[in-house]
Amino acid sequence: MSVETLIAMLASTTAAATPLIFAALGELVTERAGVLNLGVEGTMLVGAIAGFAVGLTTGSLTLGYLAAALAGVLMALIFAVLTLQLQTNQVATGLALTLFGVGLSAFLGKSFAGQPIAGLPHLSIPLLSDIPVLGPLLFRFDILVYASIALYVAVQWFLSRTRGGLLLRAVGESPAVAHAIGHPVQRVRYAAVLFGGACSGIAGAYLSTALTPMWVEGLSAGRGWIALALVVFATWKPLRVLAGAYLFGGVTVLQLYAQGFGLHVPSEFLSMLPYAATVVVLVLICRDRQTILLNQPASLGKPFHPEL
Amino acid sequence: MLRLERRPLPSARMRLLAPLIAALLMFVTGFAVFALLGKDPLAACAVFFVKPLTSLYGLGELLVKTAPLLLCAIGLAIGFRANVWNIGAEGQLTIGALAGTGVALAFGDTESHWILPAMLIAGVLGGMAWAAIPALLRTRFRTSEILTSLMLVYIAQMLLAYLVHGPWRDPDGFNFPQSRMFNDWELLPILVDGTRINLGIVFALLLAGLSWLFTDKTHAGYRLQVAGLAPAAAAYAGFSEKRNVWLALLISGATAGLAGIGEVAGPIGQLQTTVSPGYGFAAIIVAFVGRLNAFGIVLAALLMSLLYLGGEQAQIDLGLPSAITGLFQGLLLFYLLAMDAFVNYRLRRVVRAPAASGAAA
């Protein structure tokens with residue numbers, strides 16, 4: 001394998017990992033507040049079509065990403081009102097959000113299918129991007145790749161170093177105690193869910209405007225679910241989300257290059273890899289019951305309403 | 001100001017009314033959506049919800065699409081009652097179709113009355129085998145069946161794609177990714193001339209009845225119910241959680257597998273790259289809208305089937321994308337979940353914020 005191939009593979013791995021980082025970090029914050037939102041896949045799809053449609057019609061991808069984040073927030077708002085206000089079952093409501101998002105995005109996207117869009121441009125940082133090997137590996141990505149790293153730093157810092165992060169974790173561990181001390185449990189949970197929605201929306205837009213710059217029905221192909229699995233795999237820790245996302249990005253890219261390495265396996269079997277890997281990884285992590293119990297937010301998925 | 005307040009007892013009336021109100025709200029939203037799209041809403045609603053039912057063929061199609069939805073939903077409902085979240089019925093359906101087709105292809109053009117039953121059994125076993133994977137992983141490693149069953153949907157669809165593009169492709173099929181057409185003796189018999197109604201709907205209704213007997217009249221069904229409503233009580237009573245998980249997943253896998261072979265040996269007549277327009281996922285909605293109750297699920301499956309037909313009709317007559325079906329399906333479930341809240345809670349108008357509330361809760 002030549003150095004060029006290796007560099008190209010690592011670069012595609014980074015691109016494939018970026019939407020997973022956004023979606024999984026958003027869901028991680030939501031879950032750390034004690035709310036399980038299974039609607040990531042549907043929210044990503046709605047974000048994908050919103051970002052694509054607005055980006056294409058206005059010609060500005062910045063507006064596209066804003067629209068995607070807003071669409072994600074709106075989707076999350078439906079979920080928040082139902083689960084936090086009306087106390088509906090979080091699993092059922094999350095599934096509903098995904099089914100709704102699949103339908104809505106397919107409906108809205110019909111007229112955009114097959115249209116070309118100018119994808120997110122790659123930055124070319126002067127001087128730095130010309131360094132051999134390191135240049136293409138570190139300094140020639142699109143802006144969202146750097147944003148995903150910045151998001152990781154921000155989430156990590158917020159959760160472990162700020163008062164707000166401490167409050168969010170307290171709400172996730174024991175909403176009743178947090179409420180009794182006088183903290184606004186509902187407001188914190190709303191904020192966490194909406195933040196998760198915005199991240200999923202952006203993740204979706206990255207799929208339709210950067211990774212494969214076009215709209216195809218159901219283009220997320222289970223990435224929202226993989227992001228959910230990543231949060232479990234990461235045992236609710238941001239750094240491990242980052243590592244997991246790159247691992248999965250690598251698996252996705254490997255299938256593209258496998259044929260080139262002379263591995264003659266039907267392409268369908270290679271396409272199974274990310275999904276099979278998700279199952280294997282989940283099994284490996286869940287086998288260790290202690291780790292899960294220690295790290296899982298104690299009130300995850302359990303309804304709580306301060307006035308009821 | 002409106003405030004949510006817990007009812008002293010869950011409202012039985014609301015429990016029955018919630019699905020009806022949800023369906024009504026969905027119709028109203030549909031009306032608004034059609035108006036927004038610049039269609040005459042009344043005429044559009046007529047096209048969507050009424051026109052498919054105005055011919056014998058249309059009524060037949062309603063039952064043809066009801067069969068797989070009903071089959072998947074009754075299986076899923078049994079699991080949902082016990083908090084076992086199999087959301088991979090679509091994958092189990094696909095594997096059911098594969099397994100049944102495998103039997104048909106293995107026999108070649110040999111004519112026998114036994115081939116169709118063998119195909120059906122293979123379909124059931126295929127669905128069960130696929131559902132056994134999340135059951136094993138949940139009981140052995142405590143892996144969430146939600147994520148594993150869903151991942152297996154994608155894997156099943158890749159397997160299907162491989163088979164119809166590769167080893168099972170019809171050699172005389174001009175390279176289309178599909179198996180050979182099934183022979184007459186490999187197809188479910190048509191029950192009513194002039195329609196495509198086949199034996200599938202009979203199986204579905206029969207199994208719906210059996211599922212009612214199972215959930216309401218057997219001890220195993222009771223154990224599942226207790227596990228769902230009061231897991232701690234179930235554990236105290238010594239009901240095995242593992243047995244419940246296995247039972248729920250195997251049953252739902254079996255019915256989804258039957259739905260899958262019923263599709264390829266029924267309306268489709270061969271194995272293609274797509275064997276279902278998302279019946280396995282829509283069945284999740286059917287199970288909830290039907291209140292996880294066999295009779296309710298039959299009605300909900302009919303409504304869901306109408307949504308599919310309406311989407312197709314709207315595409316033909318109004319030029320709307322048939323994906324509008326998915327939009328309505330999602331809305332229906334949202335409205336149902338929202339209405340469900342009012343089974344246990346009610347809205348109270350409060351003039352002033354009451355002091356020291358919550359004592360009754």
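In what follows, chains are A, B, ... by sequence order, proteins preceding strands, each numbered from 1. This is a predicted model, so every value here is computed, not measured.
- With a threshold of 4.5 angstrom between heavy atoms, B/Phe288 approaches chain A through side-chain atoms but not through N, CA, C or O.
- Side chain of A/Gln186 to main chain of A/Leu84: a donor-acceptor pair is present (N/O by atom type, distance under 3.5 Å, no hydrogens or angles).
- If you tally non-hydrogen atom pairs under 4.5 Å between each of B/Asp340, B/Ile87, B/Thr148, B/Ile284 and chain A, the highest count goes to B/Ile87.
- A donor-acceptor pair under 3.5 Å links the side-chain atoms of B/Tyr308 to the main chain of B/Pro277, judged by distance alone.
- Pairing each heavy atom of B/Leu307 with each of B/Phe48, the nearest pair is O-CZ, 3.7 Å.
- If you measure heavy-atom distances from A/Thr88 to chain B, the contacts under 4.5 Å come from the side chain alone.
- Within the 3.5 Å criterion, the main-chain N or O of A/Ala48 finds a donor-acceptor partner in the side chain of A/Ser208.
- No other option in A/Val279, A/Leu282, A/Leu104, A/Val283 has as many heavy-atom pairs under 4.5 Å with chain B as A/Val283.
- Contact annotation for A/Val91: only side-chain heavy atoms (C-beta onward) come within less than 4.5 Å of a heavy atom of chain B.
- For a residue to count as touching a neighbouring chain, one of its non-hydrogen atoms must lie under 4.5 Å from one of that chain's; by this rule A/Thr93 touches chain B with backbone and side chain alike.
- Shown here for A/Gln87 and A/Phe304, the closest heavy-atom pair between the two residues is NE2-O, 3.3 Å.
- Closest heavy-atom contact between A/Ala17 and A/Ala245: CB-O, 3.4 Å.
- With chain A as partner, the option from B/Asn83, B/Leu147, B/Leu320 having the largest number of non-hydrogen pairs under 4.5 angstrom is B/Leu147.
- Proximity to chain A is absent for every atom of B/Phe328, based on heavy atoms less than 4.5 angstrom apart.
- Only the side chain of B/Leu137 comes within contact range of chain A, with at least one heavy atom under 4.5 Å from a heavy atom of that chain.
- Interatomic distance, CG of A/Leu247 versus CZ of A/Arg240, reported as 11.0 Å (0.5 Å rounding).
- Residues A/Gly301 and A/Gln90 share a closest heavy-atom pair of CA-OE1, 3.0 Å.
- Your options are A/Ala221, A/Ala229, A/Ala106, A/Ala276, and the one with the most heavy-atom pairs under 4.5 Å with chain B is A/Ala221.
- Using modelled atom types, one side-chain atom of A/Arg32 and one backbone atom of A/Trp236 make a donor-acceptor pair closer than 3.5 Å.
- The greatest number of non-hydrogen atom pairs below 4.5 Å with chain B, out of A/Leu38, A/Thr83, A/Leu97, is found for A/Leu97.
- Of the listed residues B/Ile324, B/Leu160, B/Ile146, B/Thr325, the one with more heavy-atom pairs under 4.5 angstrom with chain A than any other is B/Ile324.
- Listed here is the closest heavy atom pair of A/Cys286 and A/Val232: SG-CG1, 4.3 Å.
- Neither the backbone nor the side chain of A/Phe79 comes within contact range of chain B; no heavy atoms are under 4.5 Å apart.
- Contacts between A/Ile78 and chain B at a heavy-atom distance below 4.5 Å involve the side chain alone, from C-beta outward.
- Interface remark: B/Leu136 contributes no atoms to any contact with chain A (heavy atom separation under 4.5 Å).
- Contact annotation for A/Ile285: neither backbone nor side-chain heavy atoms come within less than 4.5 Å of a heavy atom of chain B.
- Nearest heavy atom pair, residue A/Ala76 against residue A/Gly197, reads CB-CA, 3.7 Å.
- Proximity to chain A involves both the backbone and the side chain of B/Ile155, based on heavy atoms less than 4.5 angstrom apart.
- Of the atoms belonging to A/Leu82, it is side-chain heavy atoms, and not backbone ones, that fall under 4.5 Å from chain B.
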